[in-house]
Protein chains: 2
Amino acid sequence: MSIETLPLDKQLCFALYASSKEIAKAYRDKLAPHGITYPQYLILSALWDQDHRTVSEIGAELQLDSGTLTPMIKRLEEAGWVLRIRQKPDERRVYVDLTEKGKTLKDDAACAVAEIWSDLNLNEDTYHVLLNQLHSITAKLQKGDD
Amino acid sequence: MSIETLPLDKQLCFALYASSKEIAKAYRDKLAPHGITYPQYLILSALWDQDHRTVSEIGAELQLDSGTLTPMIKRLEEAGWVLRIRQKPDERRVYVDLTEKGKTLKDDAACAVAEIWSDLNLNEDTYHVLLNQLHSITAKLQKGDD
DNA sequence: TACAATTAAATTGTGCACAACTTAAAGTGA
DNA sequence: TCACTTTAAGTTGTGCACAATTTAATTGTA
């Protein structure tokens, strides 16, 4: 099987591109009334999972660098969702803490995006197969980075 | 199953985001020596599949609007991969035609990205399951747009 | 035929995402 | 202790991606 010469609609790279775009759009539409973007939602999700994390820790989870994260986190701070805290004993590190407002957004956001998944109506097996396969691809590609 | 409240690593939206980012990175690394970006590769792929298409047609296939495509196609033209042709009987339409240079890039690009897939080593069943599921998700979400 | 409505692409402004580079702080070794 | 190296975040420049708007061409209607 020679993947690279297939038409676009048979190429998995494009299927990934297209589906992630559509998911991003669906999330964007649901999250916009709450005042956050989808990538911001991902940052906040990482913090909802574990609050008080450095830029690098968030970056490690999301595979985003500080070039991307710093402006985003600054905007999240300006909007009142998080605080950026530089503190001893290592002042190079900036910790990102959820505000009360940021903590309460978790449930609102969850409700906002729930409809996407109920509409998609994936059965649980399919969901987990996809999840595991995509994680496997991600891991293999990241391993290939070194 | 309440997807929206799961930690990030159990959320399919993030798995899609992460895997498509990693694929994009892998492609970017392989295509950069040939002088094109991954999104440009997708445009060219659409043209390799069918040359002489309008901006809208390319946009329909890639689900990208002219706001995104116009600057990209202009850069592809500047680099000599395509020509932009506005012609009768409808001068609103701009056709995008591959140059000879653009046509010959197809094989070079295919060779460049082949290693990604051989390294990933997906078996054919897995490949097609993923492809079909992702297309299904994309289609359902696009249908929900209306 | 004239004008309103629609269409195709282009422009403008904003938010990512990345590579390369910079700044400041911390770590290391002589 | 000090010079050098490494680390964490921040900045700069570029290329997307999208929403809103504009421009120009075409179509539809009275």
Side-chain angles (χ1 to χ4, degrees), chain A residues 17-33 35-44 53-60 62-79 81-82 84-96 142 145, chain B residues 17-33 35-44 53-60 62-79 81-82 84-96 142 145:
Chain A
Y17 174 84
S19 54
S20 69
K21 255 167 48 76
E22 292 299 324
I23 286 275
K25 179 177 177 183
Y27 270 68
R28 183 171 57 246
D29 291 346
K30 299 292 185 186
L31 294 167
I36 63 171
T37 66
Y38 177 52
Q40 290 174 354
Y41 166 79
L42 294 177
I43 293 174
L44 289 169
R53 303 173 89 166
T54 62
V55 175
S56 296
E57 282 170 9
I58 297 169
L62 303 185
Q63 288 296 301
L64 293 173
D65 64 25
S66 71
T68 302
L69 286 172
T70 294
M72 289 173 72
I73 293 169
K74 281 183 172 178
R75 279 190 291 274
L76 285 174
E77 187 179 41
E78 281 160 25
W81 306 114
V82 303
R84 291 170 69 252
I85 298 166
R86 198 179 288 270
Q87 67 187 7
K88 307 263 184 197
D90 186 350
E91 295 195 2
R92 295 171 302 178
R93 293 170 194 267
V94 170
Y95 286 88
V96 187
Q142 284 175 3
D145 284 349
Chain B
Y17 174 83
S19 54
S20 68
K21 257 170 42 79
E22 291 299 325
I23 287 275
K25 179 177 177 184
Y27 270 67
R28 184 170 58 245
D29 293 345
K30 299 292 184 183
L31 294 169
I36 62 171
T37 65
Y38 176 52
Q40 289 174 353
Y41 166 81
L42 295 177
I43 293 175
L44 289 169
R53 302 171 91 167
T54 62
V55 174
S56 296
E57 282 170 5
I58 297 169
L62 304 183
Q63 288 296 303
L64 294 172
D65 65 23
S66 71
T68 303
L69 288 171
T70 294
M72 287 172 73
I73 293 169
K74 280 183 174 178
R75 279 190 291 277
L76 284 173
E77 186 181 41
E78 280 160 24
W81 305 114
V82 305
R84 293 170 69 253
I85 299 166
R86 197 180 287 269
Q87 66 187 7
K88 307 264 185 196
D90 186 349
E91 295 192 3
R92 294 171 302 178
R93 295 171 192 264
V94 171
Y95 286 86
V96 187
Q142 284 175 5
D145 285 349

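The chains referred to below are lettered A, B, ... by the order of the sequence lines, with proteins before strands, and numbering in each begins at 1.
- When the P atom of dA17(D) is taken as reference, atom CD of Glu22(A) falls 13 Å away, rounded to whole Å.
- Relative ring orientation between Tyr38(A) and Tyr27(A) is described as tilted, the plane-to-plane angle lying within the 30° to 60° band.
- Remark: Thr37(B) is in phosphate contact with dC16(D), judged by side-chain N or O atoms under 4.0 Å from OP1 or OP2.
- Among the heavy atoms of the strands lying under 4.0 Å from Leu64(A) are primed sugar atoms or P, OP1, OP2 only; no base atom is included.
- No contact: Tyr38(A) has no heavy atom under 4.0 Å from any strand.
- Residue Lys21(A) has a polar side-chain atom (N or O) positioned under 4.0 Å from OP1 or OP2 of dC18(D).
- Backbone-only contact: Tyr17(B) has heavy atoms under 4.0 Å from sugar-phosphate atoms and none from a base.
- Contact annotation: Gln40(A) reaches the phosphate of dC16(C) (side-chain N/O to OP1 or OP2, under 4.0 Å).
- Along DNA chain C, the nucleotide nearest to Lys74(B) and the one nearest to Pro39(A) differ in position, and the one closer to the 5' end is contacted by Lys74(B).
- If you check dC16(D), dC18(D), dA17(C) against the side chain of Met72(B), the one that comes closest is dC16(D).
- Protein atom CG of Leu31(B) is 15 Å distant from nucleotide atom C1' of dC16(D), rounded to whole Å.
- Residue Arg75(B) has a polar side-chain atom (N or O) positioned under 4.0 Å from OP1 or OP2 of dC16(D).
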Could I get a table of every N or O pair under 3.5 Å where one atom is in the protein and the other is in nucleotides 19-26 of chain D?
| unit_1 | atom_1 | unit_2 | atom_2 | d |
| --- | --- | --- | --- | --- |
| dA25(D) | O3' | Glu91(B) | N | 3.4 |
| dT26(D) | OP1 | Pro89(B) | O | 3.2 |
| dT26(D) | OP1 | Glu91(B) | N | 2.8 |
| dT26(D) | O4' | Arg92(B) | NE | 3.3 |

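- Summarising the geometry, the separation between CG on Leu69(A) and C1' on dA17(C) is reported as 10 Å, rounded to the nearest angstrom.
- Ile73(B) has its CD1 atom 15 Å from the C1' atom of dT11(C), to the nearest Å.
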